[in-house]
Amino acid sequence: MSDPLTAEHVLEFPGGYTRSTGPVIGRFLTELRAGRIVGTRTAGGRVLVPPLEYDPATGDPVTGEYVEVGPAGTVTACAWVAEPRPEHPLDRPFAWALIQLDGADTALVHAVDAGNPKAVRPGTRVWPVWRGERRGHITDLSCFAPEVTRIVSPVRVPYTLRAGGALGVFLEGIRRGVFIGGRCASCGKVYVPYRLSCPQCGVAIGERVELPDTGTVTTFAINNLPDPRAPEVPFVSAYVLLDGADVPLIALVGGIPAHEVRQGMRVRAEWVPESERTASMANIRWFAPTGELDVEL
Ligand SMILES: [Zn+2]
């Protein structure tokens, strides 16, 4: 048997097919043009959005009452469209969603411009995004967008830090290229930076101790986020226990690839040239390996 004869046709109304809306959809679209979303109330009191002429539950005509709903609503279900087609309302990935507008008992299908699929899920609150020029069409609602819950704002807070007594003593030492610590007369612990009282014993610290600029890495972190104080990424910040101190100091470690830094590594402060020094920790570029054998911690 031979194949049946076929011919390809396209039914198309290039100028658009004019159809009448009926009173209910007509009212809905007219309200859209005015920037409002309305539903119809059923005899049972439910609000249908988009509006219908008949209550789908009972088949009875709806009441003549139009109820303004929204404009915000809650997503009840959604599907992410990763590759929009030409006829889709948005030219970038978006979600098709069922949106129950505030005050409505049924949900409306519309596009949600969420940016990424994680930003839209059942329960997400969304608001309409209106077209600049409305003409009484469902596309007067360009789409919906998730509620604004966060913003990114630039922050810059210049402030002056006054060193105070103890830190002043320490930074004056740093200006000279010396670490100044304090020894507690009660427990004998040496604290660096110098401080006025022992956090363990609570007694005032009177004795100042000059410590060498060598020490041991006790613990460290490899940082992959840039920091204005660090020369490059990744960089290593470490706790360095200066020789003779009982508490470690936090400092950069440099002069060695980040992945080669280890606990127990011996390091020495690398100072900027004397002519560039101020009473600031910027005097120490970083701590670099001394080449000595690692220390058992
Ligand atoms: Zn003490």
Side-chain angles (χ1 to χ4, degrees), residues 155 157-231 234-297:
V155 174
V157 184
Y159 65 99
T160 305
L161 175 68
R162 279 187 212 292
L167 190 55
V169 168
F170 176 73
L171 290 176
E172 278 308 320
I174 293 293
R175 188 202 292 277
R176 293 187 287 116
V178 175
F179 289 99
I180 294 182
R183 189 192 316 275
C184 171
S186 169
C187 67
K189 276 195 177 153
V190 173
Y191 295 97
V192 65
Y194 174 75
R195 50 182 301 152
L196 294 175
S197 65
C198 175
Q200 210 169 322
C201 313
V203 302
I205 290 178
E207 189 189 347
R208 295 179 191 176
V209 201
E210 290 201 357
L211 295 162
D213 63 359
T214 51
T216 303
V217 171
T218 62
T219 185
F220 65 94
I222 297 178
N223 305 274
N224 290 297
L225 293 177
D227 186 295
R229 292 162 298 183
F235 67 93
V236 175
S237 51
Y239 275 116
V240 173
L241 185 63
L242 292 179
D243 296 334
D246 287 289
V247 291
L249 199 68
I250 194 158
L252 292 176
V253 171
I256 178 172
H259 66 273
E260 288 179 23
V261 175
R262 56 208 180 264
Q263 289 183 306
M265 191 175 80
R266 295 283 299 154
V267 288
R268 180 192 299 279
E270 210 164 285
W271 299 86
V272 300
E274 255 175 76
S275 58
E276 295 172 23
R277 288 186 202 165
T278 57
S280 150
M281 288 305 277
N283 288 358
I284 300 152
R285 194 171 287 135
W286 54 60
F287 279 77
T290 62
E292 295 165 273
L293 285 178
D294 286 1
V295 169
E296 199 69 48
L297 290 170

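Whatever order the structure lists them in is the order used to number ligands and atoms, beginning at 1.
- By the criterion of a separation under 2.8 Å, the protein N/O/S atoms near the Zn ion (ligand 1) amount to Cys184 SG, Cys187 SG, Cys198 SG, Cys201 SG.
- Applying the side-chain hydrogen bond (donor to acceptor under 3.5 Å, both in side chains) rule to pairs touching residues 237-254 yields Thr214-Asp243, Asn223-Ser237, Asp243-Arg266, sequence neighbours excluded.
- Here the side chains of Ile256 and Met265 are in contact, with some heavy-atom distance below 4.5 Å.
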Distance-only donor-acceptor pairs under 3.5 Å for side chains of residues 196-208, two or more places apart:
residue: Gln200; atom: OE1; partner: Lys189; partner atom: NZ; Å: 2.6
residue: Glu207; atom: OE1; partner: Arg183; partner atom: NE; Å: 3.4
residue: Glu207; atom: OE2; partner: Arg183; partner atom: NE; Å: 3.4

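- Ion pair Arg268/Glu292 not flagged as a salt bridge, since none of the NZ, NE, NH1 or NH2 atoms sits closer than 4.0 Å to an Asp/Glu carboxylate oxygen.
- The number of heavy atoms from other shown groups lying within 6.0 Å of CD (Glu274) does not exceed 12.
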Could you give the side-chain donor-acceptor pairs of residues 158-165 under 3.5 Å, partners two or more places apart or in another chain?
none

